Amino acid sequence: MTALGCPPEIGFHRVKHGIKVDIEDNGLTVTKINPTSNYSHGVAISDRPLFGHAFFEVQLKGHGSSWSGSFKIGVMKVPIGSDFTIPRYSPQNDYTFVWSSNQLFKGQDSSPWEGGNLENVAVGSRIGFHLRPNGTLNFYQGETSLPVAFSNLYSPDHDLYALVDVYGQAKQLTIVRSYCLEVNLMVLCCMAVRRSLPKPTSREHLDSLPLPRSMKNLLARYS
């Protein structure tokens, strides 16, 4: 569960993933096989396409080897209805959009990014993204939201999957938050309420509010 008590609703795909990782913990954990010998073939994607407001957050559980580099996170576009294959690593094709080290990759084109460096992330850290209905994606680290990284990701002829790459020194990642929300008035109101609360907002803070339990549970989903 996350700090706010919301269990993940989206796991890792148990069939489509890199050949050097295992999917464990009922689909919530991806673990590199023999990390001292393997540095690539560690891509894992979500078990279903994303839609609407999509939240996806992982925690680094294992890290450290003689390899360079670390894990990567982002999304992958897949033509609807296609029998797609998993790349050896990301970015390797034109349909991955990832944060890698201190760079952003749109396909195989990279650009420097001041949002942070994933090679400096310690075990126990949480990294995630919020994908909005307009196709913009911003990453966040812990409770800190980072600048918009990508735009116009949704398209009518492609599905969009969350992606992590257990690359280089990374050994294991676990999903701690993952769900998608349709855009409706309730969602917009809850997100507005959450924005008005102090940051960071803990589950304990939500529980202290003079609101019905059902409302507190609903607000816990929005950040």
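Nothing here was measured: the structure is a model prediction, and the numbers come from that model.
A chain of hydrophobic side-chain contacts below 4.5 Å, direct or via other Ile, Leu, Val, Met, Phe, Trp or Tyr residues, connects Leu28 to Ile10. Under the 4.5 Å side-chain heavy-atom criterion for Ile, Leu, Val, Met, Phe, Trp and Tyr, Leu60 and Ile45 are members of distinct hydrophobic clusters. Linking ILVMFWY residues whenever their side-chain heavy atoms come closer than 4.5 Å, directly or via other members, leaves Val30 and Val176 in distinct clusters.
Residues Asp22 and Ile33 meet the side-chain proximity criterion, which asks for heavy atoms closer than 4.5 Å. Within the 4.5 Å cutoff, the side chain of Val164 has no heavy atoms near those of the Val43 side chain. Counting only heavy atoms from C-beta outward, the side chains of Leu163 and Val98 approach each other to under 4.5 Å. Side-chain contact between Pro91 and Thr96: present, with at least one pair of heavy atoms (C-beta onward) separated by less than 4.5 Å.
Here the side chain of Tyr154 pairs a donor or acceptor atom with the backbone of Gly52 at under 3.5 angstrom. Counting only distance, with no hydrogens or angles, the side chain of Ser178 and the backbone of Phe56 share no donor-acceptor pair below 3.5 Å. The backbone N or O of Glu24 sits nowhere less than 3.5 Å from a side-chain atom of Arg14 that would complete a donor-acceptor pair.
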Start with the C-alpha distance between Gln172 and Val166, add both sets of side-chain angles, then the distance that settles side-chain contact (heavy atoms from CB on, under 4.5 Å), and finish with yes or no. CA-CA 7 Å; Gln172 187 180 69; Val166 189; over 6 Å; no
side-chain contact (heavy atoms from CB on, under 4.5 Å) assessment of His53 paired with His130: CA-CA 7 Å; His53 281 283; His130 176 193; 2.9 Å; yes
How far apart are the C-alpha atoms of Ser151 and Thr136, what are their side-chain angles, what is the distance that settles it, and do they pass the side chain to side chain donor-acceptor pair (under 3.5 Å) test? CA-CA 4 Å; Ser151 302; Thr136 62; 6.0 Å; no
I would like to know whether Phe55 and Leu181 meet side-chain contact (heavy atoms from CB on, under 4.5 Å); could you show each step before the answer? CA-CA 9 Å; Phe55 297 85; Leu181 303 167; 4.0 Å; yes
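Counting all heavy atoms, side chain and backbone alike, Pro35 lies closest to Lys171 at CB-CG, 3.9 Å. Nearest approach of Gln141 to Ile127, heavy atoms of both residues: CG-CD1, 3.3 Å. Closest non-hydrogen pair, Phe150 versus Lys106, comes out as CE2-CG, 3.6 Å.
To the nearest 0.5 angstrom, Asp109 atom CG is 12.0 Å from Leu104 atom CG. Note that the CD atom of Glu57 and the CD1 atom of Ile175 stand 10.5 Å from one another [nearest 0.5 Å]. Atom CG of Leu50 sits about 5.5 Å away from atom CZ of Phe129, to the nearest 0.5 Å. The CG atom of Leu131 sits 11.5 Å away from atom CZ of Phe97, with the distance rounded to the nearest 0.5 Å. Atoms CZ and OG1, from Arg126 and Thr144 in turn, are 10.0 Å apart once rounded to the nearest 0.5 Å. Going from atom CG of Leu173 over to atom OG1 of Thr29 covers 9.0 Å, rounded to the nearest 0.5 Å.
The aromatic rings of Phe139 and Trp99 sit tilted, their planes meeting at an angle between 30° and 60°.
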Would you be so kind as to tabulate the donor-acceptor pairs closer than 3.5 Å made by side chains of residues 70-88, with sequence neighbours excluded?
from: Ser70; atom 1: OG; to: His63; atom 2: NE2; distance (Å): 3.4
from: Lys72; atom 1: NZ; to: Ser90; atom 2: O; distance (Å): 2.4
from: Lys77; atom 1: NZ; to: Leu153; atom 2: O; distance (Å): 3.2
from: Ser82; atom 1: OG; to: Pro79; atom 2: O; distance (Å): 2.8
from: Asp83; atom 1: OD1; to: Lys16; atom 2: NZ; distance (Å): 3.3
from: Arg88; atom 1: NE; to: Ser40; atom 2: OG; distance (Å): 3.2
from: Arg88; atom 1: NH2; to: Tyr39; atom 2: OH; distance (Å): 3.1

Got a list of side-chain donor-acceptor pairs under 3.5 Å for residues 111-122, not counting sequence neighbours?
from: Asn117; atom 1: OD1; to: Glu119; atom 2: N; distance (Å): 2.9
from: Glu119; atom 1: OE2; to: Ser101; atom 2: OG; distance (Å): 2.7

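Asn34 and Thr36 are linked by a side-chain donor-acceptor pair at a separation below 3.5 angstrom, with hydrogens and angles left out of the test. For the residue pair Thr174 / Gln59, no side-chain donor-acceptor distance below 3.5 Å is found, with atom types taken as modelled. Under 3.5 Å, the side chains of Asn138 and Ser145 contain a donor-acceptor pair of N or O atoms.
Within a 6.0 Å sphere centred on CG of Asn152, other residues, nucleotides and ligands contribute 12 heavy atoms or fewer.
For Phe12, there are no ring-ring contact (aromatic ring centres under 6.0 Å, His included) partners at least two apart in sequence or on another chain.
Annotation: Tyr95 is in aromatic contact with His158 [ring centroid separation under 6.0 Å].
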